[in-house]
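Each remark here refers to the structure printed beneath this line.
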Amino acid sequence: GQEKDVQDLTRDLGNLGFYNARVQEIIKNQEISGRKFVTHVFKVKCLSKELFNLMKSKGVPVGAKKSQKYLVPDWITNGVLAIKREFLRGFLGGDGPKVDVLMVKREKGLPYNHVSLNDLEFHKDYLLERSGIQLAREIADLLREFAVTVTKVFAERDSYVRDDGQKSSIIHLSFKHDFETALNLVTRLGYAYAWQKESRSQLVGEFLRQIFFLRERWQTLYKNSLEL
């Protein structure tokens with residue numbers, strides 16, 4: 001995340017009456033399977049028993065989520081669209097993909113615009129893979145309520161094995177790679193506490209709106225030409 005994400009999160013916690021949030025900036029040199037990289041993260045910790053009990057009562061799992069069975073809470077799946085939207089914005093902000101539109105060349109003809117939209121992914125203990133698939137399907141159903149099309153939900157075994165020997169599966173939600181899905185994702189939902197994704201999505205959304213405007217204009221001109 002960015003510093004703005006930390007500011008937004010601590011502000012919202014304060015608006016709810018939780019002011020004792022502690023922020024820690026962590027920079028680490030890491031290596032996985034011979035690949036070296038640097039991680040730069042901000043950790044926000046709110047030392048509040050009241051907040052812990054509130055989150056627990058609302059269905060948030062306690063401890064490592066990847067090692068527990070849990071589904072989307074009923075108060076979200078049966079809630080109003082505003083509640084579903086904020087839940088999805090938070091989920092997309094954490095695990096959701098960035099949306100891009102790429103110019104793709106072809107051997108014959110002019111280049112064309114292509115939506116780049118990676119899978120939404122999260123990890124689950126491989127023994128709980130079926131539970132992770134069920135959770136992913138519930139999230140897919142919520143996304144469809146905002147006209148964001150998920151074409152496939154599946155799992156694959158993660159090749160990386162942790163130091164403690166624990167194996168995991170990667171749960172995938174594959175999106176339809178069309179302009180409608182991309183536009184609905186960035187304009188009807190967007191990303192909470194993920195300013196880098198959100199700022200990029202605003203530019204993509206404006207570009208896609210222009211594409212739809214030009215399409216509609218072309219269709220109108222074509223229709224009018226047939227009437228001449």
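Keep in mind that the numbers below use all heavy atoms, side chains included, and drop hydrogens, waters and symmetry copies. On a predicted model such as this, the values are computed, not experimentally measured, just so you know.
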Notebook entry, point to check: Okay, side chain of Ser57, backbone of Asn53: is any donor-acceptor separation there less than 3.5 Å?
Noted result: yes
Taking the six-membered ring of Phe212 (Phe, Tyr or Trp), confirm whether the NZ or CZ of Arg215 is under 6.0 Å from its centre and within 45° of its axis.
-> yes
Derivation of the side-chain contact (heavy atoms from CB on, under 4.5 Å) call for Tyr193 and Asp12
CA-CA 10 Å; Tyr193 310 122; Asp12 288 347; 2.5 Å; yes
In short, Cys46 meets Asn20 closest at the heavy-atom pair SG-OD1, 3.6 Å
So NZ of Lys66 and OH of Tyr126: to nearest 0.5 Å the spacing works out to 11.0 Å
Please tell me if the side chains of Leu214 and Ile211 come closer than 4.5 Å, counting only heavy atoms from C-beta onward. no
dist Leu54:CG -> Leu16:CG (nearest 0.5 Å) comes out at 8.0 Å
**Prompt:** With distance as the sole test, does Arg106 use its side chain to make a donor-acceptor pair with the main-chain N or O of Leu110 at under 3.5 Å?
**Reply:** yes
The reported gap from CD in Glu145 to OG1 in Thr77 (rounded to nearest 0.5 angstrom) is 9.0 Å
Margin query: I'd like to know if the side chain of Asp119 reaches the main chain of His172, judged simply by a donor and an acceptor atom lying under 3.5 Å from each other, with no hydrogens or angles considered.
Written below: no
Donor-acceptor check, side chain of Lys124 to backbone of Lys65, threshold 3.5 angstrom: yes or no? yes
Between Asp95 and Lys197, the two heavy atoms sitting closest are C-NZ, 4.2 Å
Side chain to side chain, Leu142 and Phe91, heavy atoms closer than 4.5 Å: no
Is the shortest heavy-atom distance from the side chain of Pro97 to the side chain of Leu120 under 4.5 Å? yes
Whether Asp5 side chain and Gln2 backbone form a donor-acceptor pair below 3.5 Å:
yes
Exercise. For atom CD of Glu86, decide whether the heavy atoms of other residues, nucleotides or ligands shown that lie under 6.0 angstrom number more than 12.
Key: yes
- Message: Quick check: is Leu71 connected to Trp75 through a chain of hydrophobic side chains (ILVMFWY, heavy atoms under 4.5 Å apart)?
- Response: yes
Establish whether Leu92 and Val150 are linked, either directly or via other cluster members, by ILVMFWY side-chain heavy-atom contacts under 4.5 Å. yes
Side-chain ion pair, Arg157 and Glu129, N-O less than 4.0 Å: yes
Exercise for the section: Please answer: with hydrophobic residues joined when any side-chain heavy atoms are less than 4.5 Å apart, are Val72 and Tyr70 in the same cluster? Expected result: yes
Evaluate the side-chain contact (heavy atoms from CB on, under 4.5 Å) criterion for residues Lys45 and Leu47: first the C-alpha distance (whole Å), next the side-chain angles of each, then the deciding distance (0.1 Å), finally the verdict.
CA-CA 6 Å; Lys45 188 174 184 179; Leu47 303 176; 3.6 Å; yes
Does any part of the side chain of Gln134, heavy atoms only, come nearer than 4.5 Å to the side chain of Arg130, both counted from C-beta? no
What one should report as the nearest heavy-atom pair of Leu117 and Lys98 is CD1-O, 4.0 Å
Quiz item: In terms of hydrophobic clusters joined by side-chain contacts under 4.5 Å, are Leu88 and Ile83 together?
Solution: yes
Discussion item. Surrounding CD of Glu216 (heavy atoms of other residues, nucleotides or ligands, distance under 6.0 Å), is the total greater than 12?
Written reply: no
Phe122 side chain reached by Ile171 side chain, heavy atoms, under 4.5 Å: yes
*Can you get from Trp195 to Val44 by hopping between Ile, Leu, Val, Met, Phe, Trp and Tyr side chains that sit under 4.5 Å apart?*
no
dist Thr10:OG1 -> Asn15:CG (nearest 0.5 Å) comes out at 9.5 Å
### Query
Under the 3.5 angstrom rule, does the side chain of Gln68 hit a backbone N or O of Ala64 as a donor-acceptor pair?
yes
Any side-chain heavy atom of Glu206 within less than 4.5 Å of one from Gln202? no
- Message: If you count every heavy atom of other residues, nucleotides or ligands that lies below 6.0 Å from Arg11 atom CZ, does the total exceed 12?
- Response: yes
Rounded to the nearest 0.5 angstrom, the CZ-CD distance for Arg89 and Glu198 is 5.5 Å
Exercise for review: Apply the test side-chain contact (heavy atoms from CB on, under 4.5 Å) to residues Arg85 and Leu189: give CA-CA distance (whole Å), side-chain angles for both, the deciding distance (0.1 Å), then the verdict.
Suggested key: CA-CA 6 Å; Arg85 178 177 182 269; Leu189 292 172; 4.0 Å; yes
dist Ile170:CD1 -> Glu156:CD (nearest 0.5 Å) comes out at 4.5 Å
Only residue of Val41, Thr39, Val38 satisfying side chain to side chain contact (heavy atoms under 4.5 Å, CB included) with Lys28 is Thr39
Quiz item: Is there a donor-acceptor pair under 3.5 Å between the side chain of Thr151 and the backbone N or O of Ser174?
Solution: yes
Item checked: Test item: Leu185 and Leu143 side chains (from C-beta on) under 4.5 Å apart, heavy atoms -> no
With sequence neighbours left out, the residues meeting ring-ring contact (aromatic ring centres under 6.0 Å, His included) with His123 are none
- Query: Would you call Asp8 and Lys4 a salt bridge, taking side-chain N to carboxylate O under 4.0 Å as the test?
  - Reply: yes
Can you confirm whether Glu3 is buried at CD, in the sense that more than 12 heavy atoms of other residues, nucleotides or ligands lie under 6.0 Å from that atom? no
Shortest non-hydrogen pair, Lys105 vs Pro111, comes out as CA-CB, 4.2 Å
Applying ring-ring contact (aromatic ring centres under 6.0 Å, His included) to Phe207 and not counting sequence neighbours gives none
For Leu183 and Leu208 the tightest heavy-atom approach is N-CD1, 3.6 Å
Smallest heavy-atom separation, Pro73 atom then Gly59 atom, equals CG-CA, 4.3 Å
